[in-house]
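Take a look at the structure set out below.
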Amino acid sequence: MSKAWIQAKHSEFVRDLFKFFCQACDQLEKQFIRFDEDGTVEFDVVKDLVGTEMNKGLLWRMKDTAHHVFRNDPHAQLGGQFLDWALGYIFHETLKLKEDAYQKQNYAPWFHRLYEGDLNASEKDVTGQLFQVLNQTEESMRREIDRIRFIIAKCRQLLPYYLHRYSDNVLLARYIFSQNELVRAVFADEYEGLVFAIYGHEPERMYILASQSLRLGGWVDEAAHALDEAIKENPASKMVLQEKKIIDNWANRIHT
């Protein structure tokens with residue numbers, strides 16, 4: 001991909017980066033909660049999140065998209081460079097977690113059965129020593145999960161500062177509106193700060209941009225829903241009233 005093409009598609013890459021981040025946070029945290037409860041993660045789920053060179057998983061695509069966004073940004077800033085490194089770090093740390101999960105899922109039960117089986121003293125001694133090394137895998141997984149959680153938290157703090165330049169990105173606004181439950185779950189107490197960082201004192205702007213994008217795509221009912229949310233935020237806004245007039249005209253044409 002040429003640098004010019006990537007820069008021309010920058011708005012789409014920014015939307016994709018944010019989408020991949022939210023999806024990755026959601027899926028990783030489900031595995032981390034499972035580990036908190038019973039000391040395991042689902043190897044197949046982590047494996048799919050990472051993927052392979054020929055079939056890239058969510059984290060791999062997030063890492064690659066981060067490189068496209070931050071290494072081709074004509075207004076590059078230090079926060080973007082931090083995010084580029086951090087999102088790549090999440091991928092590589094999860095790669096290590098996948099390997100540890102494989103060892104724990106496939107070899108720990110085998111060693112346990114072996115140790116409890118009919119072995120002579122020498123064999124039992126060697127098995128026990130090797131089993132101790134395998135038991136340390138769980139400690140490694142805890143450290144990897146703690147590091148990933150820490151980096152994700154830092155990304156949640158850095159992303160709003162980077163995204164404030166994208167208050168006109170209709171694709172980003174549409175994603176935040178359409179997947180609002182997921183975005184709120186990922187950012188939790190930081191959600192309001194995210195919206196303020198991007199849209200300032202005009203939170204209705206996100207809904208208007210989403211409405212415009214949905215309307216142009218033919219999703220009139222969804223556009224009307226976005227407009228309703230904009231009206232709740234600021235019913236007197238000139239931008240809101242203008243969009244309402246367009247949506248009302250569309251509705252009238254459909255019903256006549």
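Look at R142 and E139 and you find no salt bridge, because none of the NZ, NE, NH1 or NH2 atoms lies under 4.0 Å from a carboxylate O. One finds no salt bridge joining K104 and D100 here, because no Lys/Arg side-chain nitrogen approaches an Asp/Glu carboxylate oxygen to under 4.0 Å.
Side-chain contact between V170 and L216: absent, with no pair of heavy atoms (C-beta onward) separated by less than 4.5 Å. Side-chain contact between F111 and T127: present, with at least one pair of heavy atoms (C-beta onward) separated by less than 4.5 Å. Two residues are said to be in side-chain contact when any heavy atoms from C-beta on lie closer than 4.5 Å; M206 and I176 meet this criterion. You'll find the side chain of Q77 stays beyond 4.5 Å of the side chain of Q81, heavy atoms only.
Judged as a salt bridge (charged side-chain N to carboxylate O under 4.0 Å, His left out), and not counting sequence neighbours, the contacts of K244 are D248. Residues forming a side chain to side chain donor-acceptor pair (under 3.5 Å) with Q31 (at least two apart in sequence, or on another chain): E42. Every residue two or more places apart in sequence or in another chain that forms a salt bridge (charged side-chain N to carboxylate O under 4.0 Å, His left out) with R156 is listed here: E190. Residues satisfying the side chain to side chain donor-acceptor pair (under 3.5 Å) test with R149, not counting sequence neighbours, are E29, D36. For L83, the side-chain contact (heavy atoms from CB on, under 4.5 Å) partners two or more places apart in sequence, or in a different chain, are F70, C155, L158, L159, Y162. Considering only residues two or more places apart in sequence or on other chains, F18 meets the ring-ring contact (aromatic ring centres under 6.0 Å, His included) condition with F187. The side-chain contact (heavy atoms from CB on, under 4.5 Å) check on A224 picks up I247, with sequence neighbours excluded. The side chain to side chain donor-acceptor pair (under 3.5 Å) test applied to D26 returns K30, not counting sequence neighbours.
Residue-environment remark: NZ (K96) exceeds the threshold of 12 foreign heavy atoms within 6.0 Å.
A single hydrophobic cluster is seen to contain both L214 and Y199, as judged by linkage of ILVMFWY side chains at heavy-atom distances under 4.5 Å, directly or through other members. F131 and L114 fall within the same hydrophobic cluster, where Ile, Leu, Val, Met, Phe, Trp and Tyr residues are linked whenever their side-chain heavy atoms come under 4.5 Å apart, directly or through other members. Both F150 and Y89 sit in one connected hydrophobic cluster of ILVMFWY residues. Membership requires side-chain heavy atoms under 4.5 Å apart, directly or through other members. M239 and F196 fall into different hydrophobic clusters, defined by Ile, Leu, Val, Met, Phe, Trp and Tyr side-chain heavy atoms under 4.5 Å apart, directly or through other members. V69 and F82 fall within the same hydrophobic cluster, defined by Ile, Leu, Val, Met, Phe, Trp and Tyr side-chain heavy atoms under 4.5 Å apart, directly or through other members.
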Could you list the donor-acceptor pairs under 3.5 angstrom formed by side chains in residues 57-67, with sequence neighbours left out?
from: R61; atom 1: NE; to: K56; atom 2: O; distance (Å): 3.4
from: D64; atom 1: OD2; to: K56; atom 2: NZ; distance (Å): 2.8
from: T65; atom 1: OG1; to: R61; atom 2: O; distance (Å): 2.7
from: H67; atom 1: ND1; to: R71; atom 2: NH2; distance (Å): 3.3
from: H67; atom 1: ND1; to: D84; atom 2: OD1; distance (Å): 2.7

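Aromatic ring orientation, F13 versus H68: tilted (interplanar angle from 30° to 60°). Aromatic ring orientation, W110 versus Y107: perpendicular (interplanar angle above 60°, classes split at 30° and 60°).
Taking both residues in full, the closest heavy atoms of L172 and R15 are given as N-CG, 3.9 Å, listed atom of the first, atom of the second, then distance. Between Y115 and G128 the shortest heavy-atom distance is CE1-CA, 3.8 Å. Closest non-hydrogen pair, L209 versus A173, comes out as CB-CB, 3.6 Å. Across every non-hydrogen atom of V41 and Q105, the tightest pair is O-OE1, 4.3 Å. For R215 against A223, the heavy-atom pair with the smallest separation is N-CB, 3.8 Å. Across I208 and V240, no two heavy atoms sit closer than the pair CD1-CA, 3.7 Å.
Under the side chain to side chain donor-acceptor pair (under 3.5 Å) criterion, the residue pairs touching residues 216-239 are E204-N234, E229-K232, with sequence neighbours excluded. Pairs of residues two or more places apart, or lying in two chains, that qualify as side chain to side chain donor-acceptor pair (under 3.5 Å) and include a residue from residues 169-184 are R174-S213, N180-R184, N180-Y191. Listed by first and then second residue, the salt bridge (Lys or Arg N to Asp or Glu O under 4.0 Å) pairs that reach into residues 123-134 come to none, sequence neighbours excluded.
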